[in-house]
Amino acid sequence: MSLLVKGGTVVGPTGTRLADVLVEGEKIVAVLDPSFTPSITADRVIDAAGKYVIPGGIDAHTHMEMPFGGTSASDTFDTGTRAAAYGGTTTIIDFAIQRTGEVVQDGLAAWHAKTEGECHIDYAFHMILGGVDADALKAMDQLVADEGITSFKLFMAYPGVFYSDDGQILRAMQTARENGALIMMHAENGIAIDVLVQQAIERGETDPIYHGITRPAALEAEATNRAIALAEVARDCPLYIVHLSASEALEKVAAARHQGRNVFAETCPQYLYLTLEDQLGAPGFEGAKWVCSTPLRSKHESHQRDLWKGLRTNELAVVSTDHCPFCMKDQKELGLGDFSKIPNGIGGVEHRVDLVFQGVADGKLSLERWVETIATTPARMFGLYPRKGVVQPGSDADLVIYDPNGTTRIGVATHHMNMDYSAYEGVEIQGRVGTVISRGEVIVADGNYHGRKGRGKFLKRGLSSYLM
């Protein structure tokens, strides 16, 4: 089956050009000057005139079906990957979980079982290490060598659940430095945060806004700095800070990068658009919709401005979603009267491509940087490049035809995620995902879905190709 995407502007990290894209089967076979294509025949031709042709989005941070706080994320791999496809994301990297006392390989097997026959798009896994011991360190080597799992997430937060102390973190970093893996870090000082949470509850400060107030930016910055120092001791182990939200933490990452260190960070759309006061501080229990960790930051400080600047200057490398949705009914409501019991997470896998494009429309990012942060850099960072993340011959035919003149209005009535509310209700985007192609197959067109559950493939990843 051949496919010709004709007349569009192909956008990549190095520039834009008018070009036609020829697909055979699952692969891109040519990116051609339009003057060459009149003589080419294809089984299907898609007119992309006036539109951008970009590589399919890669969301490198999702949590489908993740157990948390006595419940589980409301999106399954079926509903979540279908919603991702609607939004122009053709690959996700989810997190398999090992808890303290569990065997790492058993955690990975459990996530393979969850995804078997369920995914609409391609997928890969990171591995959460909730219990760093001698067996877990050996498992890191085995997963890198045999399983295509080349990144491991550790937590400085959530004592008693996922927390690792500095000694465990250092040992994991030393192991990763030897086997070539990337360490991902949830950087918040969880020990201190738990003290602040308990003190707030004792004072009767139980509304959702206190979730943010008890997780101050200073404790994100402290943990980020500590992770960077530990990575330095581990002979510059590659370090990737997840869901960075605060200016102070970004300063620590920027300083390390200016020293030539292999330190990277992502941010998420919620930190670019939503705030402590307007969302977490909504009247009554409404703010529970926006409880996530790291938390939303104050609109009276410079966080959002600094994060956009960080994306422009590559102090922030990637925009992921940390997609971990919970419905208000029966899930977020578990924290009525006690913000510490609200399941942490926001759903956004369907909206990332659009929300970052709004930054282009607003003059905050270039087209090239848009594509880098949503597709090319995630592919390079996490060992999927050049199979994914770029429009070039030999790469998978994962393509999005994006209409910069269209509009997208976000809301619970139209989204496809398994949530009973939208974190971005009423937001209007100056742009629209049109056609979505996954490995040569049109899975979204004209607002209609043409994919199917189970067509997504598991991707064994190589080592990062983004290191200095």
Side-chain angles (χ1 to χ4, degrees), residues 1-5 8-33 48 52-61 84-85 88-94 119 121-126 144-145 147-151 180-182 238 240 262 264 266 314 317-320 352-353 356 366-402 435-441 443 455-468:
M1 178 73 178
S2 60
L3 173 67
L4 182 64
V5 179
T9 299
V10 174
V11 184
T14 58
T16 64
R17 60 170 171 148
L18 289 173
D20 298 338
V21 182
L22 181 63
V23 173
E24 290 281 354
E26 296 188 348
K27 297 289 185 180
I28 298 169
V29 295
V31 180
L32 301 162
D33 184 292
Y52 300 129
V53 180
I54 66 171
I58 300 171
D59 193 340
H61 189 156
T89 288
T90 55
T91 301
I92 63 165
I93 312 180
D94 207 82
C119 293
I121 58 175
D122 291 352
Y123 62 98
F125 296 134
H126 311 288
V144 171
E147 304 293 340
I149 310 295
T150 55
S151 45
L182 183 70
Y240 180 95
N262 278 308
F264 313 98
E266 68 178 19
N314 203 31
V318 170
V319 181
S320 299
R352 181 183 62 113
V353 171
V356 183
S366 67
L367 279 172
E368 293 83 359
R369 194 72 188 126
W370 171 49
V371 169
E372 272 192 298
T373 58
I374 65 168
T376 309
T377 299
R380 293 184 61 199
M381 186 75 70
F382 296 110
L384 292 171
Y385 187 89
R387 180 176 178 181
K388 305 288 187 183
V390 65
V391 180
Q392 69 179 25
S395 298
D396 282 357
D398 294 348
L399 302 168
V400 175
I401 301 172
Y402 197 87
T435 302
V436 180
I437 301 166
S438 171
R439 283 184 285 104
E441 180 180 347
I443 58 173
R455 63 167 302 282
K457 291 182 177 180
F458 172 69
L459 304 169
K460 282 191 172 185
R461 297 184 290 117
L463 300 180
S464 176
S465 62
Y466 202 72
L467 305 184
M468 292 182 278

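Given the structure is predicted, the values throughout are model-derived calculations rather than measurements.
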Using every non-hydrogen atom in the two residues, find where [X] and [Y] come nearest and quote the distance to one decimal.
X: Ile121; Y: Arg455; result: CA-NH1, 4.3 Å
X: Pro13; Y: Glu372; result: CB-CG, 3.3 Å
X: Leu3; Y: Gly440; result: CD2-O, 4.1 Å
X: Val23; Y: Ala397; result: CG1-CB, 3.5 Å
X: Thr90; Y: Ser438; result: CG2-CB, 4.5 Å
X: Leu182; Y: Pro238; result: CD1-CB, 3.4 Å

Donor-acceptor pair, distance only, cut-off 3.5 Å: does the side chain of [X] make one with the backbone of [Y]?
X: Arg461; Y: Gly383; result: no
X: Asp122; Y: Gly456; result: no
X: Ser395; Y: Pro386; result: yes
X: Arg380; Y: Ser465; result: yes
X: Arg387; Y: Leu459; result: no
X: His126; Y: Ala60; result: yes
X: Thr376; Y: Gly389; result: yes
X: Thr150; Y: Gly462; result: yes

Can you tell me how far apart [atom1] ([X]) and [atom2] ([Y]) are? Round to the nearest 0.5 Å.
X: Ile92; Y: Tyr123; atom1: CD1; atom2: OH; result: 9.5 Å
X: Met381; Y: Leu467; atom1: CE; atom2: CG; result: 8.0 Å
X: Ser464; Y: Phe264; atom1: OG; atom2: CZ; result: 6.0 Å
X: Leu32; Y: Leu4; atom1: CG; atom2: CG; result: 8.0 Å
X: Ile28; Y: Leu399; atom1: CD1; atom2: CG; result: 4.5 Å
X: Leu367; Y: Ile54; atom1: CG; atom2: CD1; result: 9.5 Å

A side-chain contact here means heavy atoms from C-beta on lying under 4.5 Å apart; do [X] and [Y] qualify?
X: Trp370; Y: Tyr402; answer: yes
X: Pro55; Y: Val371; answer: yes
X: Thr9; Y: Leu18; answer: yes

Practice problem: Kindly assign one of parallel, tilted or perpendicular to the pair Phe125 and Phe458, based on the angle between their ring planes and the thresholds 30° and 60°. | Solution: tilted
Exercise. Could you check Val5 against Ile437 for side chain to side chain contact (heavy atoms under 4.5 Å, CB included), going step by step and ending with a plain yes or no?
Key: CA-CA 10 Å; Val5 179; Ile437 301 166; 4.1 Å; yes
Quiz item: Are Asp398 and Arg439 ion-paired here, with the side-chain N under 4.0 Å from a carboxylate O?
Solution: no
Exercise. Please name the residue in the list Asp59, Ile58, Val436 that meets the side-chain contact (heavy atoms from CB on, under 4.5 Å) test with Thr89.
Key: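 Of Asp59, Ile58, Val436, side-chain contact (heavy atoms from CB on, under 4.5 Å) with Thr89 is met by Asp59 alone.
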